[in-house]
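A quick write-up on the structure given underneath.
Values below: all heavy atoms of this structure, side chains included; hydrogens, waters and symmetry mates excluded.
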Amino acid sequence: MHTAYQTKRKIEFADTDMAGIVHFTRFFVFMESAEHEFLRSLGTSVATEWEGNKIGWPRLAASCEYLSPLRFEDEVDICLWVSKKGAKSLTYQFHFTRQGEDIARGQLTTVCCITNPGEKLRAIPIPDFIADQIHASS
């Protein structure tokens, strides 16, 4: 079972602000990208089909604490782990480091939903083919 997922990202010029540091909003993009990679590593996606329905993962909450700046062409290590696995939701923790230095910590809480076009979103239990691969750790 997956307990942690590691990835890297090279900071691009478009990630930076006028001060030359990564704009705070980009960390949410980095968290989402890491989440997408994590789900693909499980053989699924943030947008998949299951039993004739489209499934997605809308956000319930998102936060990030910034500890040190990143700059253009820095390489950041991103560690994602599931800190809470509910019947219908996942809470991810993110730890950003650069050469061992703490950069930021983030959190996303998502809920598994039927996202069929023209229908109201409906939270559903996480399908077994996903849930069985995820182990929550603190």
**Item:** Criterion side-chain contact (heavy atoms from CB on, under 4.5 Å) on Trp50 and Ile130, from CA distance to verdict
**Value:** CA-CA 11 Å; Trp50 176 71; Ile130 300 170; over 6 Å; no
**Prompt:** Taking side chain as C-beta onward, heavy atoms only, is Val82 less than 4.5 Å from His135?
**Reply:** no
**Message:** Quick one, Val22 and Phe30 - any side-chain contact, counting heavy atoms below 4.5 Å?
**Reply:** yes
**Item:** Criterion side-chain contact (heavy atoms from CB on, under 4.5 Å) on Glu65 and Gln107, from CA distance to verdict
**Value:** CA-CA 9 Å; Glu65 177 185 12; Gln107 181 174 299; over 6 Å; no
Using every non-hydrogen atom in the two residues, find where [X] and [Y] come nearest and quote the distance to one decimal.
| X | Y | result |
| --- | --- | --- |
| Gln93 | Ser83 | NE2-OG, 3.0 Å |
| Ala62 | Leu108 | CB-CD2, 3.4 Å |
| Ile78 | Ala34 | CG2-CB, 4.0 Å |
| Cys112 | Pro125 | SG-O, 4.4 Å |
| Pro58 | Leu121 | CG-CD1, 4.1 Å |

**Asked** So Trp57 and Leu39, side-chain contact (heavy atoms from CB on, under 4.5 Å) or not? Walk me through it.
**Response** CA-CA 11 Å; Trp57 297 87; Leu39 290 172; 4.2 Å; yes
**Message:** Which residue in the set Ile134, Thr7, Val46 passes side chain to side chain contact (heavy atoms under 4.5 Å, CB included) when paired with Phe38?
**Reply:** Ile134
[X] (side chain) donor-acceptor with [Y] (main chain) under 3.5 angstrom:
| X | Y | value |
| --- | --- | --- |
| Asp74 | Arg71 | yes |
| Ser33 | Val29 | yes |
| Lys85 | Ala131 | yes |
| Thr16 | Phe13 | yes |
| Asp17 | Ile21 | yes |

If you measure from [atom1] on [X] to [atom2] on [Y], what distance do you get to the nearest 0.5 Å?
| X | Y | atom1 | atom2 | value |
| --- | --- | --- | --- | --- |
| Lys84 | Thr109 | NZ | OG1 | 8.0 Å |
| Thr48 | Ile55 | OG1 | CD1 | 6.5 Å |
| Cys64 | Ile103 | SG | CD1 | 11.0 Å |
| Thr97 | Asp77 | OG1 | CG | 4.5 Å |
| Lys120 | Arg122 | NZ | CZ | 11.0 Å |
| Arg9 | Arg98 | CZ | CZ | 15.5 Å |

Under a 4.5 Å side-chain heavy-atom rule over Ile, Leu, Val, Met, Phe, Trp and Tyr, are [X] and [Y] clustered together?
| X | Y | result |
| --- | --- | --- |
| Phe24 | Ile11 | yes |
| Leu67 | Val76 | no |
| Leu90 | Ile114 | yes |

**Asked** What is the ring orientation for His95 with Trp81, classed by angle as parallel under 30°, tilted 30 to 60°, or perpendicular over 60°?
**Response** perpendicular
**Request:** Give me the ring orientation class for Tyr92 and Phe94: parallel if the planes are under 30° apart, tilted from 30 to 60°, perpendicular past 60°.
**Result:** tilted
**Request:** Give a yes or no on whether Glu119 atom CD has more than 12 heavy-atom contacts from other residues, nucleotides or ligands under 6.0 Å away.
**Result:** yes
**Message:** Does this structure show an ion pair linking Glu35 with Arg40, if we count only N-O contacts that are shorter than 4.0 Å?
**Reply:** no
**Asked** Is it true that Glu49 and Lys54 have a side-chain N and a carboxylate O under 4.0 angstrom from each other?
**Response** yes
**Prompt:** Do Leu70 and Phe27 pass the side-chain contact (heavy atoms from CB on, under 4.5 Å) test, and can you show the C-alpha distance, the side-chain angles, and the key distance before you say yes or no?
**Reply:** CA-CA 10 Å; Leu70 288 173; Phe27 282 88; 3.9 Å; yes
